Amino acid sequence: MRTPAFSLCVYCGSRPGADDAYLQLATEVGQWIGRHQGQLVYGGGRNGLMGRVAQATLDAGGTVVGVIPQALVEKEWANHACTELHVVDTMHERKRLMAERADAFLALPGGIGTFEEFFEVWTWRQLGYHDKPVGLLNVGGYYDGLLQFLSHTVEQAFMSEWQMDLIRVGSDLEALLPALVQAAGMAPETRLDAI
């Protein structure tokens with residue numbers, strides 16, 4: 001098996017969401033990862049956006065690393081089609097292994113689990129536990145309310161602009177994903193088309 005050109009950890013919903021555009025987005029992200037010889041690291045489920053991004057990555061020729069706690073194997077329908085499927089004991093182990101296997105992180109639309117994972121890797125970055133890029137794909141205005149609230153926290157002096165600058169926010173996956181891969185040092189801009 002070839003070594004992936006990069007490894008992108010994607011956080012997203014285990015549900016499909018109310019709009020088919022979310023499933024389409026997950027498909028396009030997976031296709032982008034696969035087309036660029038990348039590896040998806042994700043929560044190991046086969047439902048919702050999680051299952052869609054994994055299948056699209058595999059279909060496009062990429063590899064998929066799924067990490068799922070034993071307690072969620074049935075609830076999230078563990079995806080045995082993954083290139084690697086790791087069944088762990090706890091959520092802490094899940095998130096640690098996902099972070100270790102990733103060169104960069106990306107949040108798609110999702111619920112409380114997606115929010116928690118996104119905020120944790122962002123927090124870890126500000127504390128210096130890692131220096132990997134963190135992205136938020138805000139398609140269809142899904143995260144507009146969250147971004148407005150985060151601006152409010154800066155205005156109220158509970159956060160600073162430098163903390164906001166630790167995340168990359170975009171609505172165009174064809175711009176955001178290459179930027180994350182390049183920021184991770186996996187491909188200089190002049191070579192991105194080569195991977």
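What you see is a predicted model, and the numbers here were worked out from it, not measured in a lab.
- Residues Phe6 and Gln39 are not in side-chain contact: their nearest non-hydrogen atoms beyond the backbone lie 4.5 Å or more apart.
- Between the CD1 atom of Ile33 and the CD atom of Glu28 there is a distance of 12.5 Å, given to the nearest 0.5 Å.
- Taking Glu93 as the reference, nothing meets the salt bridge (charged side-chain N to carboxylate O under 4.0 Å, His left out) condition, with sequence neighbours excluded.
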Step-by-step ring-ring contact (aromatic ring centres under 6.0 Å, His included) determination, Trp124 to Phe118: CA-CA 10 Å; Trp124 288 353; Phe118 169 73; over 10 Å; no
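- Contact check for Met98 versus Phe105: no side-chain heavy atoms found under the 4.5 Å cut-off.
- Between the side chain of Lys132 and the main chain of Ala102, a donor-acceptor pair closer than 3.5 Å is present.
- Around atom CG of Leu127, more than 12 heavy atoms belonging to other residues, nucleotides or ligands sit under 6.0 Å away.
- With hydrogens and angles ignored, the 3.5 Å screen pairs a side-chain donor or acceptor of Tyr143 with a backbone N or O of Leu108.
- Within the 4.5 Å cutoff, the side chain of Ile68 has no heavy atoms near those of the Trp77 side chain.
- Checked for salt-bridge contact, Arg125 and Asp131 meet the test: a charged N lies under 4.0 Å from a carboxylate O.
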Just do the side chain to side chain contact (heavy atoms under 4.5 Å, CB included) check on Val181 and His36 with the steps written out, would you? CA-CA 10 Å; Val181 170; His36 292 89; over 6 Å; no
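- A donor-acceptor distance shorter than 3.5 angstrom exists from the side chain of His130 to the backbone of Val121, with no hydrogens or angles considered.
- Across all non-hydrogen atoms, the minimal contact from Asp103 to Pro133 is O-CD, 3.5 Å.
- For the pair Leu49/Arg15, no side-chain contact is recorded, criterion being any heavy-atom separation below 4.5 Å from C-beta on.
- Scanning all heavy atoms of the two residues, the minimum distance from Leu106 to Leu136 falls at CD1-N, 4.3 Å.
- With hydrogens and angles left out, the side-chain atoms of Tyr142 and Asp19 include no donor and acceptor closer than 3.5 Å.
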Leu8 and Leu40: CA distance, side-chain angles, deciding distance, side chain to side chain contact (heavy atoms under 4.5 Å, CB included) verdict: CA-CA 5 Å; Leu8 182 63; Leu40 168 69; 5.8 Å; no
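- Under a hydrophobic clustering in which Ile, Leu, Val, Met, Phe, Trp and Tyr are joined whenever their side-chain heavy atoms come within less than 4.5 Å, directly or via other members, Ile167 and Val154 fall into the same cluster.
- Hydrophobic clustering of Ile, Leu, Val, Met, Phe, Trp and Tyr side chains at less than 4.5 Å, counting indirect connections, keeps Leu23 apart from Val29.
- Interatomic distance, OG1 of Thr27 versus CG of Asp59, reported as 9.0 Å (0.5 Å rounding).
- For the residue pair Ala175 and Pro178, the shortest heavy atom distance occurs at O-CD, 3.4 Å.
- Scanning all heavy atoms of the two residues, the minimum distance from Leu25 to Pro109 falls at CD2-CD, 3.6 Å.
- Taking 4.5 Å as the limit, some side-chain heavy atom of Leu85 sits within range of a side-chain heavy atom of His80.
- The nearest pair of heavy atoms linking Leu58 to Ala81 is CD1-O, 3.4 Å.
- Atoms CG and CG, on Leu177 and Leu137 in that order, are 7.0 Å from each other to the nearest 0.5 Å.
- One hydrophobic cluster, built from ILVMFWY side chains closer than 4.5 Å, cannot hold both Phe119 and Leu180; they sit in different ones.
- The side-chain hydrogen bond (donor to acceptor under 3.5 Å, both in side chains) contacts involving residues 145-172 comprise Gln126-Gln163, where partners must be two or more places apart or lie in separate chains.
- For the atom pair CE (Met50) and OG1 (Thr114), the distance works out to 8.0 Å, reported to the nearest 0.5 Å.
- Checked against the 6.0 Å centroid criterion, the rings of Tyr129 and Trp122 do not qualify as a close aromatic pair.
- Between the CG atom in Leu176 and the CG atom in Leu173 there is a gap of 8.0 Å [rounded to 0.5 Å].
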Is there a salt bridge (Lys or Arg N to Asp or Glu O under 4.0 Å) between Lys95 and Glu117? Walk through the geometry before answering. CA-CA 7 Å; Lys95 292 184 291 182; Glu117 290 167 323; over 6 Å; no
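- When every heavy atom of Ala60 is checked against every heavy atom of Gly30, the shortest pair comes out as CB-O, 4.4 Å.
- Proximity of Pro69 to Thr90: side-chain heavy atoms (C-beta onward) are nowhere separated by under 4.5 Å.
- Of the inter-residue distances, the one linking Cys9 atom SG with Tyr42 atom OH reads 11.5 Å to the nearest 0.5 angstrom.
- Put simply, Met159 and Leu146 are part of the same group of oily side chains (I, L, V, M, F, W, Y) that touch within less than 4.5 Å, one to the next.
- Between the side chain of Arg94 and the main chain of Val67, a donor-acceptor pair closer than 3.5 Å is present.
- A donor-acceptor pair shorter than 3.5 Å cannot be found between the side chains of Ser7 and Arg101.
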